[in-house]
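Following: one structure in structure tokens, then a few remarks.
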Amino acid sequence: MRFASHTLSILKTFICQRPAAAAQRRGLSGAAMRLVQFCRHGDGGDIRVGVEEGEGLSVVDLKAFDPSMPSTMRELLEMGDKGLECAQRALASGQCVVNREHVQLLSPVLGPEKVVCVGMNYRDHCTEQNAPIPTEPIIFSKFPSAITGPYDDIILPSESQVEDALSYVAGFTVANDVSARDWQMKRNGKQWLLGKTFDSFCPLGPALVTSDAVKDPHNLGIRCLVNGDVVQSSCTDQMIFKTAELVSWVSKFVTLTPGDVFLTGTPPGVGVFRKPPVFLKKGDVVECQIDQLGSIINRVI
């Protein structure tokens, strides 16, 4: 199997230092460094944060220089200027240097909360496809499990299937898949991501009901009420792809880890397909119920 040429991309990537909503101008403007995550050969895979002395040169171990420093890049960035100032001092000290031949460089960040990708963002790339130049950024996403190291192998996907997939399911809960239909259906190249992922758009709970406590997860009544009126009512036996098949399918593409959440679909009655369409407004109260699992109640503000 070979990669088609259009599947290979060279991307300029940036890593956020602190939440954008609370961002302030970083004061350490002179902190020109090459920060890395690494592990030492034969050290059991323990993750360390370091500073390269130069591209391809040895690495200063930050935690060896200052034991109070964190062991991951994410924790270092969460420290803001304090962490970067310590990294600068470590680099200037010339101490705690690990020869490059003794380290394996990892991805600069492992397990980020988000991997945000921008599509159609090169004018000449649009031209080669005879595609219009976007008028706003087109955003899509990759799962964090897609990240690998700078010199690690790229693995061609296999067609293996997960046996006994339900044994990997810890339990079930209730979710509300809130959607901004204008963003989902009309904007951003009609990609679903942004319309689905505004902050607070995935109420979840009230509990994780373990699999052993649910006799048949595909025979449960499911309802949605808005201001006390039932707007959706069905049964989970209407699911086209049942839980085991979903787990098996997704696991072909990504590694599933404890805590991963699947939202398995919604029954009929959603507002955008009503005639006339009905949309949530400020003050509305939405209740989602699933038999044996419980209900979640959320007010729109």
Side-chain angles (χ1 to χ4, degrees), residues 1 3-4 6-9 11 107 109-119 138-149 152-180 183-185 188-205 207-220 222 224 232 234-268 270 288 290 292-293 296:
M1 183 183 294
F3 289 107
H6 67 272
T7 65
L8 298 178
S9 299
L11 303 174
S107 166
V109 174
L110 297 172
E113 184 181 273
K114 306 173 187 68
V115 181
V116 180
C117 310
V118 184
I138 296 177
I139 303 298
F140 64 100
S141 180
K142 286 180 178 284
F143 291 120
S145 57
I147 290 177
T148 192
D152 292 345
D153 297 329
I154 296 173
I155 303 171
L156 291 175
S158 67
E159 292 298 322
S160 61
Q161 296 185 352
V162 173
E163 299 294 334
D164 195 22
L166 281 178
S167 67
Y168 294 90
V169 176
F172 302 89
T173 191
V174 183
N176 186 353
D177 175 18
V178 184
S179 306
W183 277 96
Q184 180 188 356
M185 296 180 171
N188 204 235
K190 298 184 179 180
Q191 296 228 20
W192 287 22
L193 173 68
L194 293 185
K196 293 284 190 177
T197 200
F198 281 91
D199 289 355
S200 80
F201 267 31
C202 188
L204 199 67
L208 176 67
V209 181
T210 60
S211 298
D212 290 341
V214 182
K215 183 177 180 180
D216 183 359
H218 304 113
N219 190 25
L220 303 176
I222 180 171
C224 178
Q232 293 177 264
S234 187
C235 180
T236 58
D237 65 1
Q238 294 297 302
M239 289 170 55
I240 298 169
F241 303 106
K242 303 299 192 281
T243 303
E245 187 173 359
L246 292 173
V247 171
S248 176
W249 174 257
V250 174
S251 68
K252 294 179 181 181
F253 305 95
V254 300
T255 299
L256 299 176
T257 59
D260 287 346
V261 175
F262 281 62
L263 272 59
T264 58
T266 191
V270 294
C288 299
I290 301 180
Q292 300 181 39
L293 305 185
I296 56 177

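In this structure, Q232 contributes its side chain and P267 its backbone to a donor-acceptor pair below 3.5 Å. Remark: the backbone N or O of L220 is paired with a side-chain donor or acceptor of T236 at under 3.5 angstrom. No donor-acceptor pair under 3.5 Å is formed between the side chain of N219 and the backbone N or O of D216. When atom types are taken as modelled, the side chain of S145 and the backbone of V254 share no donor-acceptor pair closer than 3.5 angstrom. Under the 3.5 Å distance criterion, the side-chain polar atoms of H218 are matched with a main-chain donor or acceptor of T243.
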With side-chain contact (heavy atoms from CB on, under 4.5 Å) as the criterion, how do V247 and L256 come out once you've worked through the C-alpha distance, each side chain's angles and the decisive distance to 0.1 Å? CA-CA 9 Å; V247 171; L256 299 176; 4.0 Å; yes
Please determine whether side-chain contact (heavy atoms from CB on, under 4.5 Å) holds for the pair T264 and F172, giving the CA-CA distance in whole Å, both sets of side-chain angles, and the decisive distance to 0.1 Å. CA-CA 11 Å; T264 58; F172 302 89; over 6 Å; no
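Here N176 contributes atom CG and C288 contributes atom SG; the two are 3.5 Å apart, rounded to the nearest 0.5 Å. Here the straight-line distance linking atom CG of D164 with atom OG of S248 works out to 11.0 Å at 0.5 Å rounding. A distance of 7.0 Å separates CG in D260 from CZ in F262, rounded to the nearest 0.5 Å.
Between L293 and the options L208, T173, V209, a side chain to side chain contact (heavy atoms under 4.5 Å, CB included) holds for only V209.
Contact between A165 and A244 at its shortest, heavy atoms only, is CB-O, 3.4 Å. Shortest non-hydrogen contact noted between S107 and I147 is OG-CG2, 3.2 Å.
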